[in-house]
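Chain letters run A, B, ... following the sequence lines, proteins first and then strands; every chain starts at 1.
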Amino acid sequence: MVQITLPDKSIKEFPEAVDGYEIAKSISPRLAKDVLSVSVNGEVWDLTRKITKNATVKLHTWDDREGKETFWHSSAHLMAEAIEHFFPGTKFGIGPTVDTGFYYDIDLPEGKQLSEKDLQKIEQKMLELARQKNEIVRSEISKEDALNMFTTKNDELKLELISELEDGTITLYNQGNFTDLCRGPHLPNTGFIKAIKLTSIAGAYWRGDEHNKMLTRVYGVTFPKQKMLEEYLAMLEEAKKRDHRKIGKEMELFTFSEEVGQGLPLWLPKGTQLRMQLEDFLKKVQKKYGYEQVMTPHIGDVRLYKTSGHYEKYGKDSFQTIKTPAEGEEYMLKPMNCPHHCEIYKWKPKSYKDLPIRMAEFGTVYRYEMSGELHGLTRVRGFTQDDAHIFCRPDQLKDEFKKVIDIIFIIFKAIDFKDYTAQISLRDPEKPEKYIGSKENWDKAEQAIIEACEEKGLKTVTELGEAAFYGPKLDFMIKDALGRNWQLGTIQVDYNLPERFQLEYIGADDNRHRPVMIHRAPFGSMERFIAVLIEHTAGKFPLWLTPEQAVVLPISEKYNDYAKKVSNFLNISDIRTVVDERNEKIGRKIRDNELKRIPYLLIVGEKETETETVSVRRQGEGDKGSMKTSEFADFVLNEVRDQLSGLYN
RNA sequence: GCCGAAUUAGCUCAGUUGGCCAGAGCACGUGAUUUGUAAUCUCGGGGUCGUCAGUUCGAAUCUGACAUUCGGCUCCA
């Protein structure tokens with residue numbers, strides 16, 4: 001008799017050992033069809049592995065992570081089998097799953113190379129093997145047998161893996177003519193895999209270590225239904241269309257120049273307009289929350305970074321110091337703004353009554369990123385943080401933290417980011433030596449963050465061991481229109497820098513005390529944020545942000561004067577407007593300006609000139625009829641005010 | 001930085017096994033037209049084919065080095 005406890009706490013009894021599939025079948029035929037793997041007392045098992053003792057069981061389908069992982073793991077094996085078919089003698093490293101799909105690191109036989117063209121061939125073979133519905137069979141073998149087996153295959157990669165395993169825990173999986181060392185679990189047979197796409201080939205070091213051999217990594221993704229693959233490919237296509245590098249070029253927002261250097265973005269006028277709009281907005285919000293703007297230079301004496309500790313930790317891997325010619329003083333391009341801000345804090349003695357001090361700066365910083373790492377605006381060597389440092393008393397920490405969360409919400413609302421998650425990063429309790437500062441301070445800081453999040457009603461996930469060495473933090477991840485996650489804003493508590501810079505304030509008790517610092521950047525960096533904004537909106541920015549809000553389109557050159565009059569009036573009313581004076585037909589002007597993603601197109605001809613009106617077209621919505629120019633201005637200003645309501649109440 | 005791929009006009013891309021002055025569309029300039037809700041017509045200018053070497057009678061095309069970009073690896077205060 002075996003008792004199986006299901007997630008809803010109900011208990012099913014079976015007369016003898018039972019496997020996951022049989023349990024699913026006993027619940028519903030539908031589930032039996034969909035089930036992919038099963039967790040037995042928290043460990044994921046093959047569906048066909050017999051459960052001999054009482055256990056708590058959860059069945060996994062495509063809809064949960066474990067189900068997908070099982071599916072993709074078996075897909076990796078299927079790919080390996082197909083590759084071995086075309087390239088006998090290939091050595092196989094590891095073949096794990098990733099967020100979307102899987103990869104396998106392989107070492108092809110001497111002189112062989114895999115190209116993109118081979119992928120289709122391999123996909124075909126995989127489909128052929130999948131259709132054979134080959135059973136995937138698990139077997140346990142001794143370490144010695146495993147070593148012998150892979151010695152025969154001459155696969156030193158697997159031998160290295162086996163040598164690190166404990167005897168008695170080694171399992172093999174076999175399907176068709178292919179056997180692989182694997183912990184599992186796997187699908188019952190290859191027939192579950194219906195749709196296959198091998199996505200790319202890349203080089204990867206064996207076990208991620210650059211001293212090791214470079215292997216060939218083949219990425220792929222598979223699905224239980226052809227339709228799912230089609231949807232996935234359509235999503236990739238859409239992502240390509242929304243790529244911020246492409247849209248940035250089309251909309252003339254930013255560019256790069258080899259002469260200036262890689263990873264150093266140049267902001268074009270329209271991109272600058274967009275960025276200033278964001279900066280002005282945040283400055284207003286910050287002003288409301290009691291921040292003060294400061295400005296600091298782009299370089300700082302190397303001693304500053306020795307004091308902060310950054311030189312010791314990152315000096316070797318950053319841009320090297322700049323020396324003055326006559327005196328030989330050493331300066332660093334600033335990799336962050338906080339040391340400068342600490343010096344501003346110190347310029348005058350502080351009383352407990354002065355705190356909190358909230359010091360904000362759009363500070364441009366320079367970090368050396370390896371050339372292969374650079375990517376559009378999301379990974380650059382020079383970027384501007386919407387940085388601020390809050391110096392406060394320990395008893396003010398929680399309140400200050402909550403206020404920062406408020407600011408981040410105001411921004412998310414203005415930008416229309418609805419889907420976010422917040423991650424609280426705490427210490428790894430096992431490794432106290434990794435962190436600086438007293439246990440009491442850490443306890444208090446972590447508590448403050450957790451409580452602040454609770455009181456603000458944030459949905460959070462908590463990760464142990466993800467804290468910075470100097471303090472715990474809260475990071476905001478947003479999900480964009482295509483469901484991709486991006487890390488944006490961050491709030492970090494810091495006990496380290498106040499210590500290193502010996503920051504103090506005089507307390508009510510007339511003694512010296514140490515303030516706590518909060519680092520925070522709601523956008524993260526302007527560059528990265530704008531990249532995400534572009535991909536989220538596909539370049540159709542909220543009205544308040546977009547560089548050009550309206551374009552006036554005269555029907556013919558005869559009405560250019562009236563068009564300019566309209567445009568001047570709107571510009572004076574704070575609506576960014578230009579005139580399309582080209583000698584083109586109206587259909588052409590509409591088309592071109594729609595494609596430029598201009599929110600409002602204002603058509604003016606004889607009728608409008610006579611009645612002081614404009615004929616309004618909203619981007620993507622077509623003709624909206626005509627109205628007085630002044631009415632249109634009010635209408636637009638209201639729309640902007642609605643979008644920014646968070647700022648005004 | 002490492003592995004792989006790419007680089008042709010401002011942009012998007014053609015360019016067959018090395019062989020006449022290297023092509024197209026868009027953009028730009030010009031002339032005509034004076035237009036009513038997603039592409040009017042005419043003519044024209046523009047490229048040392050990423051850079052530098054090499055092979056060859058001859059190189060956008062073959063080889064090498066370098067630069068940049070892309071996809072990964074690694075790293076990320």
Atom-pair distance ([atom1] on [X]; [atom2] on [N]), nearest Å:
{"X": "A:His244", "N": "B:U69", "atom1": "NE2", "atom2": "C1'", "result": "13 Å"}
{"X": "A:Glu369", "N": "B:C2", "atom1": "CD", "atom2": "C1'", "result": "16 Å"}
{"X": "A:Leu553", "N": "B:U37", "atom1": "CG", "atom2": "C1'", "result": "9 Å"}
{"X": "A:Glu259", "N": "B:A67", "atom1": "CD", "atom2": "P", "result": "14 Å"}
{"X": "A:Asp317", "N": "B:C76", "atom1": "CG", "atom2": "C1'", "result": "10 Å"}
{"X": "A:Glu252", "N": "B:A27", "atom1": "CD", "atom2": "C1'", "result": "10 Å"}
{"X": "A:Trp206", "N": "B:U74", "atom1": "CH2", "atom2": "P", "result": "13 Å"}
{"X": "A:Asp561", "N": "B:U34", "atom1": "CG", "atom2": "C1'", "result": "14 Å"}

Using the [atom1] atom as the point on both nucleotides, what is the distance between [M] and [N], in whole Å?
{"N": "B:A6", "M": "B:U48", "atom1": "P", "result": "23 Å"}
{"N": "B:A77", "M": "B:C3", "atom1": "P", "result": "26 Å"}
{"N": "B:G71", "M": "B:C66", "atom1": "P", "result": "22 Å"}
{"N": "B:U8", "M": "B:A60", "atom1": "C1'", "result": "7 Å"}
{"N": "B:C11", "M": "B:G18", "atom1": "C1'", "result": "30 Å"}
{"N": "B:G10", "M": "B:C28", "atom1": "C1'", "result": "8 Å"}
{"N": "B:A67", "M": "B:G50", "atom1": "C1'", "result": "7 Å"}
{"N": "B:A14", "M": "B:U42", "atom1": "C1'", "result": "26 Å"}

Would you mind classifying the nucleic acid contact of [X] as base, sugar-phosphate or nothing, using non-hydrogen atoms under 4.0 angstrom?
{"X": "A:Glu608", "result": "base"}
{"X": "A:Gln262", "result": "sugar-phosphate"}
{"X": "A:His375", "result": "sugar-phosphate"}
{"X": "A:Leu374", "result": "sugar-phosphate"}
{"X": "A:Arg379", "result": "base"}
{"X": "A:Glu606", "result": "base"}
{"X": "A:Glu258", "result": "sugar-phosphate"}
{"X": "A:Lys589", "result": "nothing"}
{"X": "A:Ile586", "result": "sugar-phosphate"}
{"X": "A:Tyr103", "result": "nothing"}
{"X": "A:Gly376", "result": "sugar-phosphate"}
{"X": "A:Lys313", "result": "nothing"}
{"X": "A:Gly587", "result": "sugar-phosphate"}
{"X": "A:Thr216", "result": "nothing"}

Checking [X] against [Y]: charged group under 6.0 Å from the ring centre and within 45 degrees of the axis?
{"X": "A:Lys346", "Y": "A:Phe501", "result": "no"}
{"X": "A:Arg618", "Y": "A:Tyr600", "result": "yes"}
{"X": "A:Lys316", "Y": "A:Tyr311", "result": "no"}

Discussion item. Here's a test of your reading of the structure: between A:Tyr470 and A:Ser371, which maps to the more 5' nucleotide of RNA chain B?
Written reply: A:Ser371
Response to the item:
Between A:Gly261 and A:Glu373, the residue closer to the 5' end of RNA chain B by nearest nucleotide is A:Gly261
Would you indicate which nucleotide in [options] comes nearest to any side-chain atom of [X]?
{"X": "A:Arg217", "options": "B:U74, B:C73, B:U12", "answer": "B:C73"}
{"X": "A:Glu584", "options": "B:A77, B:U40, B:U33", "answer": "B:U40"}
{"X": "A:Ser615", "options": "B:C11, B:A38, B:G36", "answer": "B:G36"}
{"X": "A:Ser200", "options": "B:A77, B:G71, B:C75", "answer": "B:G71"}
{"X": "A:Glu557", "options": "B:A77, B:U33, B:U34", "answer": "B:U34"}
{"X": "A:Lys249", "options": "B:U12, B:G36, B:A77", "answer": "B:U12"}

Worksheet item: For A:Phe362, does its backbone N or O pair with a side-chain atom of A:Gln385 as donor and acceptor, under 3.5 Å?
Response: no
Taking only side-chain N and O atoms of [X], does any of them lie within less than 4.0 angstrom of OP1 or OP2 on [N]?
{"X": "A:Arg500", "N": "B:A77", "value": "no"}
{"X": "A:Arg588", "N": "B:A27", "value": "yes"}
{"X": "A:Lys558", "N": "B:U35", "value": "yes"}
{"X": "A:Tyr366", "N": "B:C76", "value": "no"}

Worksheet item: Quick check, are the ring centers of A:His340 and A:Tyr345 under 6.0 angstrom apart?
Response: no
Worksheet item: Ring centres of A:Tyr103 and A:Tyr219 under 6.0 Å apart?
Response: yes
Could you please name the partner base of [N], counting Watson-Crick and G-U wobble pairs only when both distances are under 3.5 Å?
{"N": "B:A27", "answer": "none"}
{"N": "B:U63", "answer": "B:A53"}
{"N": "B:G1", "answer": "B:C73"}
{"N": "B:U68", "answer": "B:A6"}

Item to complete: Could you grab the distance from atom NE2 of A:His536 to atom CD1 of A:Ile478, nearest 0.5 Å is fine?
Response: 5.5 Å
Worksheet item: Any side-chain heavy-atom pair from A:Pro554 and A:Lys589 closer than 4.5 angstrom?
Response: yes
Discussion item. Between A:Glu548 and A:Arg576, does any side-chain N to carboxylate O distance fall below 4.0 Å?
Written reply: no
Discussion item. Salt bridge or not between A:Glu612 and A:Lys628? Use side-chain N to carboxylate O under 4.0 Å.
Written reply: no
Practice prompt. Check whether the aromatic ring of A:Tyr314 stacks on the base of B:A77, taking stacking as ring centres less than 5.5 Å apart and planes within 30° of each other.
Written response: yes
